[in-house]
2 protein chains.
Amino acid sequence: MEKRKRWSLEDVHQYLSEHDIRISLYRLKIFEYLINERTHPTAEEIYNKLKKEIPSLSPATVYNTLRFFLEKKIVQLVNVEKNEARYDATLSWHGHLKCLSCGRVFDIHIENLKLSGLEGFQVYEKHLDLRGLCPGCAKIKNIKEVEYD
Amino acid sequence: MEKRKRWSLEDVHQYLSEHDIRISLYRLKIFEYLINERTHPTAEEIYNKLKKEIPSLSPATVYNTLRFFLEKKIVQLVNVEKNEARYDATLSWHGHLKCLSCGRVFDIHIENLKLSGLEGFQVYEKHLDLRGLCPGCAKIKNIKEVEYD
DNA sequence: TCTAAATTTATAATGAATATAATTTCGAAG
DNA sequence: CTTCGAAATTATATTCATTATAAATTTAGA
């Protein structure tokens, strides 16, 4: 995935306004976190991170705001793990890989996807979700296998 | 997706045995339902369907058995909808489309998928999940749009 | 047929997410 | 800049799919 410039709070402010979203401190900070950190966090992770800065933040606000961002289509749901909703503010077409060892979710570049038999269907969303090991964890696993073989 | 012959209970019995799975009536019936109906049902749907035939069946057994089939890797999880685990006994590489109108999940044939930037990663599972409308619902929706425009 | 191990059941518990109702904040009109 | 109705946020209760537990039943080999 290509590198991108960090968004300032002003950038986020303008972006939300352009999408007809009323501004609040919480919305700015939650979106800023999603767009800049790009770790596809869960609602709980966002809450734990932001409450250090904003102690008045409540978990319900994080859940509500993320649901609202989904409705407004400025955030997409990452469903790579059952019972663990993650969120991504990058809307370009890409896949996700969850490392089953460290739990992190990585963006995956899709060169090409060709489907067939979709005549008559209408496709609104496409999600490509992989599960496996990230390079760091794969290396550790290989070392361990050599050790114990 | 290609048509396949309906599996008999004997076929299921042999298949489970080949995968070192102890036989029980419940396991036979649950797997038979998954492999023959191919509607990617939820645990609840399987329970509601099978309890008519087998009144002694309990919901916990359906959940336990599906989890067990996942561990044994004879069934795959379909995660196309948050908070709605669905199950598929067909292990060949294909995608799923959930119709957001009628709720049914369809198999989608994948002609080609090319990813890049995966150097160093190990990929254990790939899931392609689409959301949209099936042909029947898309047609109804188009008719309604014409009516009301 | 018998027996130990595995499976199934009924029930309670879990936990992420949502609903509710009271409180606070936002932002447009004056 | 102030006011005020609408919208956002909070704390709390609730929901609901799924998992855990412990007792009862079933399976499959001896």
Side-chain angles (χ1 to χ4, degrees), chain A residues 9 12-14 16-33 40-51 53-72 74-75 77-87 98 103 105, chain B residues 9 12-14 16-33 40-51 53-72 74-75 77-87 98 103 105:
Chain A
L9 269 188
V12 176
H13 191 119
Q14 184 178 350
L16 296 186
S17 296
E18 281 166 0
H19 288 82
D20 298 317
I21 293 172
R22 269 172 71 128
I23 304 305
S24 76
L25 173 63
Y26 306 95
R27 288 179 175 179
L28 288 171
K29 296 298 284 184
I30 290 170
F31 193 87
E32 183 200 30
Y33 183 69
H40 315 94
T42 62
E44 196 191 4
E45 284 165 8
I46 297 170
Y47 170 70
N48 287 330
K49 184 76 176 186
L50 292 184
K51 77 174 170 189
E53 263 187 86
I54 317 168
S56 60
L57 182 66
S58 105
T61 298
V62 179
Y63 283 107
N64 289 339
T65 303
L66 291 169
R67 192 148 31 95
F68 179 74
F69 284 168
L70 285 177
E71 278 167 25
K72 292 293 184 177
I74 61 166
V75 152
L77 187 65
V78 179
N79 221 12
V80 69
E81 184 76 83
K82 190 163 80 104
N83 295 333
E84 186 187 88
R86 293 176 173 274
Y87 300 87
K98 170 154 181 169
V105 174
Chain B
L9 269 189
V12 176
H13 190 120
Q14 183 178 349
L16 297 185
S17 296
E18 282 166 359
H19 287 81
D20 299 318
I21 293 173
R22 273 172 68 126
I23 305 304
S24 76
L25 173 63
Y26 306 94
R27 288 178 176 179
L28 289 171
K29 297 298 285 184
I30 291 170
F31 193 87
E32 184 201 28
Y33 182 69
H40 316 95
T42 63
E44 196 191 4
E45 284 166 9
I46 296 170
Y47 170 70
N48 287 330
K49 183 76 178 187
L50 292 183
K51 77 173 172 190
E53 265 187 84
I54 317 168
S56 61
L57 182 66
S58 105
T61 298
V62 179
Y63 283 105
N64 290 340
T65 302
L66 290 169
R67 195 149 28 96
F68 179 74
F69 285 168
L70 285 178
E71 277 166 26
K72 291 294 183 178
I74 61 167
V75 152
L77 186 65
V78 179
N79 221 12
V80 69
E81 184 76 84
K82 191 163 78 105
N83 296 333
E84 185 186 89
R86 293 177 173 274
Y87 299 87
K98 169 154 183 169
V105 174

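Residue numbering restarts at 1 for every chain, and letters A, B, ... go by the order of the sequence lines. The figures here come from the full heavy-atom set of this structure, side chains too, leaving out hydrogens, waters and symmetry mates.
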In whole angstroms, how far is the P atom of dT8(C) from the NZ atom of Lys51(B)? 18 Å

Quick one: are Leu77(A) and Tyr87(A) in side-chain contact, heavy atoms under 4.5 Å? yes

Taken in chain and number order and not counting sequence neighbours, the residues that satisfy side chain to side chain donor-acceptor pair (under 3.5 Å) with Glu71(A) are none

Distances under 3.5 Å between protein N/O atoms and the N/O atoms of nucleotides 26-30 of chain D, please, pair by pair.
unit_1  : atom_1 : unit_2   : atom_2 : d
dT27(D) : O3'    : Ile23(B) : O      : 3.2
dT27(D) : O2     : Arg22(B) : NH2    : 3.2
dA28(D) : OP1    : Ile23(B) : N      : 3.1
dA28(D) : OP1    : Ile23(B) : O      : 3.2

Can you tell me the distance, in whole Å, between the CD atom of Glu45(B) and the C1' atom of dA17(D)? 13 Å

Would you please name every residue forming a ring-ring contact (aromatic ring centres under 6.0 Å, His included) with His13(A), sequence neighbours left out? none

Taking only residues two or more places apart in sequence, or in another chain, which ones meet Phe69(B) in a ring-ring contact (aromatic ring centres under 6.0 Å, His included)? Phe31(B)

Nearest-Å distance, CD1 (Ile54(B)) to C1' (dT8(C))? 12 Å

For the pair made of CG in Leu28(A) and P in dT25(C), what is the distance, rounded to whole Å? 16 Å

To the nearest angstrom, the CG-P distance between Asn79(B) and dT18(D) comes to 10 Å

Could you tell me which residues satisfy side chain to side chain donor-acceptor pair (under 3.5 Å) with Asn83(B), sequence neighbours excluded, listed by chain and number? none

Test side chain to side chain contact (heavy atoms under 4.5 Å, CB included) applied to Ser24(B) - qualifying residues, sequence neighbours left out: Tyr26(B), Arg27(B)

Rounded to whole Å, the CZ-C1' distance (Phe68(B) to dA5(C)) equals 13 Å

Base versus backbone protein contacts along nucleotides 12-21 of chain C [heavy-atom cut-off under 4.0 Å; B, S, -]: ----SSBS--

Grab the OH-P distance between Tyr47(A) and dT9(D) for me, whole Å please. 15 Å

Residue set satisfying salt bridge (charged side-chain N to carboxylate O under 4.0 Å, His left out) with Glu81(A), at least two apart, ordered chain then number -> Lys98(A), Arg131(A)

Residue pairs involving residues 40-51 of chain A (criterion salt bridge (Lys or Arg N to Asp or Glu O under 4.0 Å); sequence neighbours excluded): Glu45(A)-Arg86(A)

